[in-house]
Structures are given as C-alpha cells and as structure tokens.
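Throughout, a chain's letter reflects where its sequence line sits, starting with A, and its residues are numbered from 1. Please read these numbers as outputs of a predicted model, since none were measured by experiment.
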Amino acid sequence: MEKREVKERRTGLPDLKNAEKGKVVLRFAPNPNGPLSFGHARGLVINSTYREMYDGEFILRFDDTDTKVKPPMLDAYERIQKETAWLTGRKPDRVIIASDRMEAYYEHAELMLQNDHGYVCQCSAEVFKEHRIAKTNCPCRDQKTSENLNLWSMMLQRQFKPGDVVVRVKTDMTLKNPALRDWPALRLQDTESHPHPRPEVGSKYVVWPLLDFQSAVEDHLQGVTHIIRGKDLMDSTRKQTLLYEHFGWDYPETMYWGRVKVHEWGGFSTSKMRNDIESGRYPGWGDPRLPTLEGLSGRGISNTALRAFWLELGITQKDISVPLSTLYAHNTKVVDAEAPRLSFIRHPVLCKVEGDEIPNSISTPVHPNDESMGMRTWEMIGREIYIENEDAQKGSLRLKEFADITLKGAPSPVANIDSYERSDKRPIVHWITKENSLEGTLLSTSNDEIQTVQGRIEKHNFAPGTIVQLERIGYACIKENDSFILCHESFDE
RNA sequence: GCUCGUGUGGUGUAGCCAGGUCCAUCAUAGUGGGUUUUCAUCCCGCCGACCCGGGUUCGAAUCCCGGCACGAGCACCA
C-alpha cells in the first residue's frame with residue numbers, strides 16, 4: 001500500500017468533498033425571529049469562508065415558516081442582511097425568503113401527493129405518535145391518490161383547522177430510526193390570529209411547510225451543493241434524503257458541527273433573549289451583555305476576531321464549552337495595533353503641580369509602537385492634573401512621560417516635582433491635565449451586570465465606534481465623545 | 001426506551017479515513033522571565049492530554065469488539 005509522502009499539518013478549514021472551484025453553492029438559513037447572535041456567526045463564518053475558498057456562491061435564506069412558535073420579527077430581515085455583510089465582509093450572492101416561495105413548496109407538495117410519495121394524514125399528533133412507536137401504518141397512509149389530492153385542496157381552501165390535518169412524506173413506518181417514520185412535511189397555521197409579520201404575506205396562507213420539507217425543496221431549487229450545519233440536524237439530513245429519493249434528486253454533501261456553549265453565557269437562544277427583552281430585563285438586542293452580534297460589535301469585538309474565533313474551532317462534531325477569554329485574545333490581536341491610547345482617570349484626584357522649570361506642554365505618543373500615529377500634546381499652563389485615587393495613596397509616583405513626583409496633603413494634594421528624569425523605581429502611572437480632559441463615563445459588563453465608573457477622560461476627536469486603549473485599564477469602544485465601554489472583561493476591583 | 005453522533009492537556013484544536021517518521025501539533029489559559037516611562041503589545045521558558053478494557057499487528061491516538069461518559073433527534077419549532 002502506498003504511503004502519503006509527508007503528513008502535513010492542516011491549517012484552516014478542511015477541503016470540501018466533491019467540490020469543484022467555481023461550482024460550490026452554500027447557504028446559511030436563520031429564522032428571522034430576532035437579529036443574529038454569536039451562535040449564528042458560526043454558520044455565517046464557515047459557509048462564507050468556503051465560498052471564498054472555492055470561489056462559489058453563498059445564499060442567505062430566511063426560514064420564516066412558523067408564525068406562532070417562533071414568529072419572525074419584521075425588522076430582522078434587514079438587520080440580518082446588514083449583520084451578515086458586516087461579519088462576512090460582503091453581501092450574500094443571493095437572498096431567499098421562504099415566505100416568498102410558498103407557491104414552489106405547494107407545487108412540490110402536490111407533486112409528491114400525485115406520485116403517491118406522501119399522504120394527507122388526519123390523525124392527531126398523539127395518535128400518530130402511537131403508530132410511530134408501534135411501527136404501524138396509520139389508516140390515512142392507504143388513501144387513494146385522488147383522495148389525498150382532494151384533501152390537499154381542502155387544506156388550501158381552509159376547510160380544516162390547525163391540528164386536524166398534516167401532509168406526510170411516505171417513508172417506512174418500520175425504519176429503525178423513529179425520527180424518520182413518515183415525517184410531517186406541511187401543516188396548517190392559524191394566520192388569522194397569528195399573521196405573518198410581513199405585510200405582503202400576513203394571513204395569505206394557512207398551509208405552511210415545515211423546515212425539513214421547505215429546506216429540502218429550496219436547497220434543490222437553488223442548486224445547493226454543500227450543507228454545513230449543526231449536528232442537531234443530522235436526522236434532518238436523513239429525512240430529507242428520503243424525500244430526495246422520491247423526487248429522484250441527489251442530496252448535497254453535508255458536514256456538521258457540534259454544540260457550542262460559552263462559559264459565561266451558556267447557550268444563546270434567540271427565543272430566550274426575545275423573552276428577556278420583552279419582559280424588560282434588557283433594554284434591547286444591542287445590550288452589551290447579550291450575545292448578539294449587535295451587542296458584541298457595540299462593545300468593540302471586531303468582525304475579524306469573530307471570524308478567527310470560529311475558524312479556529314472549525315467544524316468538529318464535538319460538543320464544546322469555550323471561555324470568552326478565547327474570543328478576547330483574538331480581539332486583542334486584531335485591535336491593539338490600531339487602537340489609539342487615551343488616558344482615563346477613575347476616581348480622579350486633582351493635584352496642583354509645583355516645581356521648577358515646568359514645561360508649557362507635554363507630548364506623549366498616540367501609540368507606543370507606531371510613531372506614524374503621531375503625538376498627543378497636553379498644555380501645562382494650569383498646572384493642575386488628575387491622577388487615580390488609588391495611585392494617589394502611593395505617595396511618590398512617576399507621571400508617565402513627565403516627571404517623578406511626591407504628593408503632599410489631602411484631599412487636594414500638591415505634587416512636588418522631584419525630577420524630570422526617571423530617578424528610581426517608583427510606580428509609573430497615567431494622568432491627565434485638567435484643561436485637556438472632560439468628565440467621562442466608562443461602562444463595563446460583568447456577570448450580567450453593567451458597571452459604571454465616572455472619571456476624567458482625555459479630550460479626543462475620535463468618532464463613536466472607534467476602539468481605543470485606555471492606558472492601564474483596557475481596550476474600550478467609544479460610545480459618545482465622553483462615554484466608553486470596555487471591550488473585554490470588567491475592572492478587577 | 002429507540003435512533004444518531006462525539007470522546008486528544010484547564011479550554012480549544014491538528015493528527016485518525018489510507019497504523020510506524022507521534023516519548024503527539026498549534027493556540028489559549030496558568031506560571032516564571034525578558035523588552036517597554038501603560039497592569040497594553042511583543043519575545044523566551046515551563047506546565048500539561050490520546051475515556052476505560054480487550055483484540056488484530058513486529059508496531060495502535062489511528063483498525064476491530066465491548067463498556068462507560070456526554071450531546072442531539074424521535075414537535076402539526078427552526
């Protein structure tokens with residue numbers, strides 16, 4: 001047997017099976033029942049990265065076929081498209097909305113009934129469950145094709161109530177895997193009391209496809225070649241493969257990833273977040289404590305870091321739990337080189353500087369490792385500065401880039417300049433002059449709480465959304481000119 | 001219960017399909033040190049893993065069988 005030449009370490013995602021460059025079609029299909037969360041990012045990152053690797057196409061599909069249990073949210077359609085572009089770096093090649101495609105699903109449902117590959121079942125869910133467990137056929141299974149078509153048109157004509165009737169795919173009631181036995185393909189929804197939120201859809205339809213049917217038909221219609229999704233949908237693949245066999249279609253290649261939890265968050269269920277927002281626990285989807293893309297980007301987690309994070313996890317089927325520090329480590333790498341440095345003084349203490357030959361201004365670099373970012377210059381005319389209360393307790397300090405001082409008196413100490421050169425090992429602290437700073441606020445998240453610290457923030461001209469580094473504190477995202485939120489964990493006080 | 005899937009250091013991940021070059025990769029965390037007028041960045045060192053038991057084989061992280069553990073599906077949710 002021939003041996004591989006060298007075992008090379010794989011980097012990046014593994015190759016796709018049966019993939020030809022330029023002919024790969026991938027998709028990601030969220031339910032628009034809320035904006036995108038951290039968990040959705042995996043599907044977006046993995047699928048869109050394969051698009052780039054294979055020069056293929058990437059479809060964003062809205063699976064909005066449930067109006068009651070997981071009702072879509074109207075503004076999510078736009079938001080999800082924006083968030084997708086933000087995260088993946090470009091727009092999807094195609095956008096499909098399932099609720100626009102109902103006629104196609106009806107057509108295939110009818111075709112399935114005509115070919116006797118499905119039937120209209122009037123058993124209750126409970127009764128059918130008995131059959132599924134007992135591996136026995138339900139009476140509806142033997143109906144004539146004409147009877148099925150007749151019942152189908154009655155469904156469309158609203159002659160049944162939700163729960164009374166369902167269209168099933170004929171598989172085999174003796175299949176080993178109970179999940180696959182004559183699975184339901186379409187059902188009725190009361191769209192009068194639970195209308196679809198899209199005005200053009202509203203109460204227009206009562207017969208709605210279920211995920212396995214809708215997704216299967218749509219994947220075929222769109223020419224999807226590779227499906228990469230969570231392993232919770234493995235049985236979906238098996239169900240859908242049986243449907244594909246009825247239609248004589250070839251099922252796409254599939255890959256799965258396992259379940260991911262984040263230590264600090266647990267899961268990230270859109271439905272649960274929606275409840276928490278509606279109950280007032282969080283003010284909105286963009287709250288920095290929430291694992292939504294909006295919440296994360298709002299506190300300065302970059303799209304590059306998110307991509308690196310998910311690419312590193314890859315597509316193993318293991319169920320894992322990851323600490324947020326992993327994401328933060330990626331973010332630091334992305335953000336540090338570009339983050340201007342600013343001084344923020346928590347619990348500020350005002351000091352009067354005294355000494356000989358005090359210069360008129362002090363200059364310090366915007367970024368210690370990048371001269372091209374320039375200098376920041378503080379006027380020393382007023383000779384009043386702020387230092388952190390905690391530092392003030394230490395008595396003698398080195399004001400960074402300025403002077404060694406000794407503090408005397410309280411509560412407004414005098415800072416006597418001992419030396420401009422560094423003369424000993426006294427601690428180096430950050431500081432700011434009174435005239436070059438404003439009152440400011442620093443927010444941070446911790447254990448589902450938002451903490452606030454008041455202080456003095458160095459004046460700056462950076463736009464909201466800019467990620468800066470507050471010296472000796474951490475990276476922060478500018479919310480407004482005088483308010484910041486910490487990107488990573490909270491202060492360790 | 002039935003069905004399916006997964007088990008590599010604290011956390012992830014490579015290697016497994018095509019057994020040897022694996023006293024097991026890389027990252028992150030932790031820890032020690034270096035650079036640095038930030039408790040940042042950067043650099044170096046250390047720490048630490050093949051779920052268990054059989055089997056096949058000259059040789060097993062890799063193949064086979066059996067356990068065990070964990071997860072998911074069995075919805076008229078996605």
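- Residue Trp431(A) forms a ring-ring contact (aromatic ring centres under 6.0 Å, His included) with just one option from Phe344(A), Trp378(A), Tyr386(A), and that option is Trp378(A).
- In summary, Lys272(A) and Glu278(A) do not engage in a salt bridge, as defined by a charged side-chain N under 4.0 Å from a carboxylate O.
- Side chain of Asp63(A), nearest nucleotide from A29(B), A78(B), U11(B): A78(B).
- Cation-pi contact between Arg168(A) and Phe128(A): present, with separation from the ring centre below 6.0 Å and deviation from the ring axis of at most 45°.
- Asp212(A) and Ser236(A) form a side-chain donor-acceptor contact under 3.5 Å, judged by distance and modelled atom types alone.
- Rounded to whole Å, atom P of U13(B) lies 13 Å from atom CG of Leu13(A).
- With both ends at atom P, the span from G15(B) to G7(B) equals 12 Å, rounded to whole Å.
- Distances from the side chain of Asp66(A) to the nucleotides C2(B), U13(B), C77(B) place C77(B) closest.
- The CD atom of Glu471(A) sits 12 Å away from the P atom of A40(B) (whole-angstrom rounding).
- Contact between the side-chain N/O atoms of Thr65(A) and the OP1/OP2 oxygens of A78(B) is found at a separation under 4.0 Å.
- Side-chain N/O atoms of Lys176(A) include one lying less than 4.0 angstrom from OP1 or OP2 on C4(B).
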message: Generate the contact string for nucleotides 41-48 of chain B. Rules: B means base contact, S means sugar-phosphate contact only, - means no protein heavy atom under 4.0 Å.
response: B-------
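- Going from atom CG of Leu210(A) over to atom C1' of C74(B) covers 15 Å, rounded to whole Å.
- Comparing U37(B), G73(B), C76(B) by their nearest atom to the side chain of Ile428(A) picks out U37(B).
- For Leu211(A), the side-chain atoms get nearest to A78(B) when compared with the rest of A29(B), A78(B), U38(B).
- At the heavy-atom level, Ser271(A) lies nowhere under 4.0 Å from the strands shown.
- The side chain of Ser124(A) sits closest to C76(B) out of A40(B), C76(B), U28(B).
- Side-chain polar atoms of Tyr119(A) and Asp182(A) form a donor-acceptor pair below 3.5 angstrom.
- Taking side-chain N and O atoms only, Arg422(A) has no distance below 4.0 Å to OP1 or OP2 of U37(B).
- Taking atom CG on Leu175(A) and atom C1' on G73(B), their separation rounds to 14 Å, with Å as the unit.
- Thr270(A) comes within 4.0 angstrom of no nucleic acid atom, judged by non-hydrogen atoms across all strands.
- OP1 or OP2 of A78(B) sits under 4.0 Å from a side-chain N or O of Arg187(A).
- Salt bridge status for Lys70(A) with Asp66(A): absent, with no side-chain N to carboxylate O gap under 4.0 Å.
- Side-chain contact check for Thr254(A) versus His226(A): every heavy-atom pair is 4.5 Å or farther apart.
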query: In dot-bracket, 5' to 3', how would RNA chain B read with Watson-Crick or G-U wobble pairs under 3.5 Å, [ ] for crossing ones and | for pairs to another strand?
result: (((((((..(((.......[.....))).(((((.......)))))....(((((..]....))))))))))))....
field: Worked check of side-chain contact (heavy atoms from CB on, under 4.5 Å) between Phe402(A) and Tyr420(A)
entry: CA-CA 6 Å; Phe402(A) 179 38; Tyr420(A) 290 106; 3.8 Å; yes
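- Using a 4.0 Å heavy-atom criterion, one finds that Gly163(A) contacts the bases of the nucleic acid, with or without backbone contacts as well.
- A side-chain hydrogen bond (donor to acceptor under 3.5 Å, both in side chains) with Gln214(A) holds for exactly one of Asp64(A), Asp63(A), Thr65(A); it is Asp63(A).
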Could I get a table of every N or O pair under 3.5 Å where one atom is in the protein and the other is in nucleotides 65-68 of chain B?
none

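- Computed from coordinates, the Arg259(A) CZ to G5(B) P distance equals 19 Å when rounded to whole Å.
- You'll find that the side chain of Met234(A) is closest to G5(B), out of U28(B), G5(B), C76(B).
- Picking from G73(B), U38(B), C76(B) the nucleotide with the shortest atom distance to the side chain of Arg168(A) gives C76(B).
- Spacing between A27(B) and G20(B) at atom C1', rounded to whole Å, works out to 28 Å.
- When distances run from any side-chain atom of Arg238(A) to the nucleotides G5(B), U37(B), C39(B), the shortest one goes to G5(B).
- For CD of Gln393(A), the number of neighbouring non-hydrogen atoms (other residues, nucleotides, ligands) closer than 6.0 Å is greater than 12.
- Among the nucleotides U38(B), G71(B), C76(B), the one closest to the side chain of Asp319(A) is G71(B).
- Lys318(A) places its NZ atom 11 Å from the C1' atom of G9(B), with the value rounded to the nearest Å.
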- prompt: Does the pair His460(A) and Phe484(A) meet the rule for a ring pair (Phe, Tyr, Trp, His ring centres under 6.0 Å), with working shown?
  reply: CA-CA 12 Å; His460(A) 68 273; Phe484(A) 295 70; 5.7 Å; yes
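- At the heavy-atom level, Ala329(A) lies under 4.0 Å from the strands shown only through sugar-phosphate atoms.
- Rounded to a whole Å, the CD atom of Gln317(A) is 17 Å from the P atom of C17(B).
- Using a 4.0 Å cut-off between charged side-chain N and carboxylate O, Asp219(A) and Arg61(A) make a salt bridge.
- Taking the six-membered ring where the residue is Trp, the centroids of His330(A) and Trp310(A) are separated by 6.0 Å or more.
- Glu264(A) has its CD atom 13 Å from the P atom of A29(B), to the nearest Å.
- Under 4.0 Å is where a charged nitrogen must lie from a carboxylate oxygen, and between Arg158(A) and Glu192(A) at least one such pair does.
- Closest to the Lys231(A) side chain, of the nucleotides A27(B), A78(B), U6(B), is U6(B).
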